[in-house]
Every structure is written in structure tokens, then in C-alpha cells.
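Numbering starts at 1 and runs along the sequence shown.
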Amino acid sequence: MKPRAKRFFDLVLAILAILISLPIQIFIAIALWIELGENPLFVQERAVSYGNKHFYLIKFRTIRKEHSSLIASNGNPDKFLIRNFNFKISPFAAWIRKTGFDEILQIYNVLLGQMSFVGP
């Protein structure tokens, strides 16, 4: 697929996805703001793209800031295996993580051209 056609495809699909999912995004943001009681509602994690470019991946925050600092200081080189996960997240935040709705904001990364729907 040519780069311009791919970018056009990404833009059209991202705009449609944002328009369709905007009510869900607003509902989740309000519910998390009420539940967590802290700002920002979004967390940005560093990511690396295909061309070894660094960018910030946008996600919904589902745990409190003090707990996220505990995870960051865990010292475990494997970020996907958190051994000391001894704090409790709310049932709503657990459901958001289970369904993947915490990742829905990555549509904005696609809109900005940092990610793509279809491969590199």
C-alpha cells in the first residue's frame, strides 16, 4: 500500500472511530474522574515506532498515581510481569482494562500519524 493511500486510510478510519466512540470516551473519562478523583485522566507511556522513533502512547489512567509510581519503581526488567501487585483497583477500572477500553485513546495517536491501523 502506498504511503499516501495508507495515511488517508488511517485518517478516515481514525476520524470515524473518534466520532463513533466519543460518547464512550466521555463516559469513561467522567467515571474515572469520579472514581479516582485525580487529574490527569490520561497516562502517557513512551513507545517506539517502526522507524525507531519515540512517541507518547495515550491511554486512560485506571490506577492512582501513587500506585503507578510503585509499579515504575518495582525494579523488574519485565514490565509485563508485575510481582508486587498488592493494591486493589476498582471493579470499573478492572472492567475497562479487561475490555481494552483504556486503550481507546490510541485512536488519537493514529490521527497524529504516530501509529497506524495497518502495519508499518
Side-chain angles (χ1 to χ4, degrees):
M1 188 180 271
K2 294 185 179 182
R4 285 187 181 193
K6 181 176 170 239
R7 181 67 184 137
F8 177 76
F9 173 77
D10 284 342
L11 281 174
V12 170
L13 211 58
I15 290 170
L16 284 173
I18 288 170
L19 291 175
I20 291 170
S21 67
L22 194 60
I24 297 168
Q25 293 175 33
I26 292 170
F27 171 75
I28 291 172
I30 291 171
L32 286 175
W33 183 70
I34 291 170
E35 189 171 86
L36 296 176
E38 60 186 32
N39 284 325
L41 292 174
F42 313 110
V43 70
Q44 295 180 342
E45 298 178 356
R46 286 213 68 176
V48 180
S49 68
Y50 176 69
N52 205 19
K53 296 177 185 173
H54 296 274
F55 68 97
Y56 287 101
L57 193 67
I58 305 168
K59 295 170 64 170
F60 276 115
R61 177 182 299 278
T62 54
I63 59 174
R64 295 190 185 278
K65 286 182 187 177
E66 65 263 13
H67 298 310
S68 62
S69 64
L70 289 174
I71 292 171
S73 65
N74 191 18
N76 190 359
D78 186 5
K79 288 186 175 188
F80 300 108
L81 181 62
I82 302 170
R83 288 180 170 59
N84 299 330
F85 198 66
N86 57 2
F87 53 87
K88 188 170 178 131
I89 63 173
S90 70
F92 181 70
W95 178 78
I96 287 175
R97 284 183 164 196
K98 185 178 178 182
T99 58
F101 279 132
D102 61 332
E103 314 271 342
I104 200 167
L105 296 179
Q106 292 176 16
I107 299 169
Y108 295 101
N109 287 111
V110 174
L111 187 67
L112 294 172
Q114 298 167 337
M115 292 175 63
S116 179
F117 282 115
V118 180

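Atom CZ of Phe92 sits in a crowded spot, with more than 12 heavy atoms from other residues, nucleotides or ligands closer than 6.0 Å.
There is a path of hydrophobic side-chain contacts, each under 4.5 Å, that joins Trp33 to Phe27. Ile24 and Leu32 fall within a single hydrophobic cluster, where Ile, Leu, Val, Met, Phe, Trp and Tyr side chains are chained together by heavy-atom contacts under 4.5 Å.
For the ring pair (Phe, Tyr, Trp, His ring centres under 6.0 Å) condition, the pairs that include at least one residue of residues 98-117, sequence neighbours left out, are Trp95-Phe101.
Distance CG/Leu105 to CG/Leu111: 12.5 Å, rounded to 0.5 Å. To the nearest 0.5 Å, atoms CG (Leu112) and CG (Leu11) are separated by 10.0 Å.
At a threshold of 4.5 Å between non-hydrogen side-chain atoms, the residues Val110 and Met115 count as touching.
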Under 3.5 Å, which donor-acceptor pairs link side chains of residues 12-21 to any protein atom two or more places apart or in another chain?
from, atom 1, to, atom 2, distance (Å)
Ser21, OG, Ala17, O, 2.7
Ser21, OG, Gln25, NE2, 2.8

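Residue Gln106 comes nearest to Ile58 through the heavy atom pair CG-O, 3.5 Å, listed as atom of the first residue, atom of the second, then distance. Looking at every heavy atom in both residues, Ile96 comes nearest to Thr62 through CG2-CG2, 4.2 Å. Between Gln114 and Asn109, the shortest heavy-atom distance links the atoms OE1-ND2, 2.5 Å. The two residues Lys6 and Val118 make their nearest non-hydrogen contact at CE-O, 2.9 Å.
Not a single donor-acceptor pair under 3.5 Å links the side chain of Asp10 to the backbone N or O of Gly113.
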